[in-house]
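First listed ligand is number 1; within each ligand, the first listed atom is number 1. Computed from heavy atoms alone, side chains included, the values below leave out hydrogens, waters and symmetry copies.
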Amino acid sequence: MLKLIEKGIVLVGFMGTGKTTVGRELASLVGLSFVDLDLEITRQQRKTIPEIFVDHGEAGFRRCESAALRELARRAPCVVATGGGIVTRSENWPLLHSLGTIVYLRTSWLTLQERLTGTAGRPLADGRDWQEVKALWEGRQPLYEQADMIVDTDHLSPIEVAEAIQVKLMAGGMDV
Ligand code: S3P
């Protein structure tokens with residue numbers, strides 16, 4: 001099922017699931033180029049993500065995110081790591097589908113909390129009450145679960161997650 005890989009792969013999931021690290025590993029495994037959507041946004045806006053949130057609010061950031069996604073949909077197939085909130089705008093879904101197979105990197109709350117502790121640069125997690133972040137994570141689950149494929153990442157290293165995605169895609173997206 002090489003075709004499934006060749007049409008592109010989109011990684012979705014909450015902050016801290018490892019989309020960027022896994023995406024890089026996966027791109028080199030399958031021979032596609034890698035794009036980090038948050039990085040694209042910071043390049044296009046010439047501002048960091050926290051600066052965009054301060055200057056334009058979350059709504060402004062979401063508009064930039066959708067614009068970057070539309071731009072990406074015009075490029076060659078690649079492996080894309082998206083920001084954790086990409087799933088929240090319904091207009092993003094057809095674009096995500098057009099970029100290839102959507103893979104949800106699913107991670108338990110406890111693992112995420114551990115991974116997010118002490119990190120910075122995420123306005124929706126930095127300095128917030130854990131209950132608030134957990135509620136955001138819980139509220140987004142049904143959206144992430146609309147992905148074409150789900151990979152549980154808790155006990156896997158980034159390279160193991162990348163390999164698991166490759167194996168599943170080679171098997172036509174089925175569990176093996
Ligand atoms: C966000 C996740 C971030 C970034 C922005 C908003 C979110 O990306 O896009 O801070 O709404 O979950 P990561 O998932 O790569 O941290």
Discussion item. For ligand 1 and Gly16, I'd like to know whether there is a polar contact (N/O to N/O, distance under 3.5 Å).
Written reply: no
Worksheet item: To which protein heavy atom is atom 7 (C) of ligand 1 closest, and what is the distance rounded to 0.1 Å?
Response: Gly85 N, 3.3 Å
Worksheet item: Under the 3.5 angstrom rule, does the side chain of Tyr104 hit a backbone N or O of Gln141 as a donor-acceptor pair?
Response: no
Worksheet item: So, Lys168 side chain and Ile150 main chain: donor-acceptor pair closer than 3.5 Å or not?
Response: yes
Item to complete: Report the part of Glu58 in contact with ligand 1, treating N, CA, C, O as backbone and CB onward as side chain, heavy atoms under 4.0 Å; options are side chain, backbone, both, neither.
Response: neither
Worksheet item: Please state which protein non-hydrogen atom is closest to atom 12 (O) of ligand 1 and give its distance, to 0.1 Å?
Response: Arg140 NH1, 2.7 Å
Worksheet item: Salt bridge check: are Glu91 and Arg62 linked by an N-O gap of less than 4.0 Å?
Response: no
Worksheet entry | Per-atom contacts, ligand 1 versus Ile49 - under 4.0 Å to a heavy atom | 5 (C), 10 (O)
Response to the item:
If you scan protein heavy atoms around atom 15 (O) of ligand 1, the nearest is Asp38 OD2, 3.5 Å
Worksheet entry | Atoms of ligand 1 close to Leu124 [distance to a heavy atom under 4.0 angstrom, numbered from 1] | 7 (C), 11 (O)
Discussion item. I'd like to know if Glu40 and Arg75 make a salt bridge, using a cut-off of under 4.0 Å between side-chain N and carboxylate O.
Written reply: yes
Fill in: Side-chain donor-acceptor pair present, Arg106, Thr17, cut-off under 3.5 Å
no
Fill in: Distance from atom 10 (O) of ligand 1 to nearest protein heavy atom, with residue and atom
Pro123 CD, 3.5 Å
Discussion item. Checking side-chain polar atoms at under 3.5 Å, does Asp154 have a donor or acceptor matched by the opposite partner on Thr107?
Written reply: no
Worksheet entry | Atoms in ligand 1 with a heavy atom of Gly83 nearer than 4.0 Å | 8 (O), 9 (O), 14 (O)
Worksheet item: Among Met15, Arg62, Lys19, Arg122, which one has a heavy atom closest to atom 11 (O) of ligand 1?
Response: Arg62
Practice prompt. Kindly say whether Thr101 contributes a backbone atom to a donor-acceptor pair with the side chain of Asp148 at under 3.5 angstrom?
Written response: no
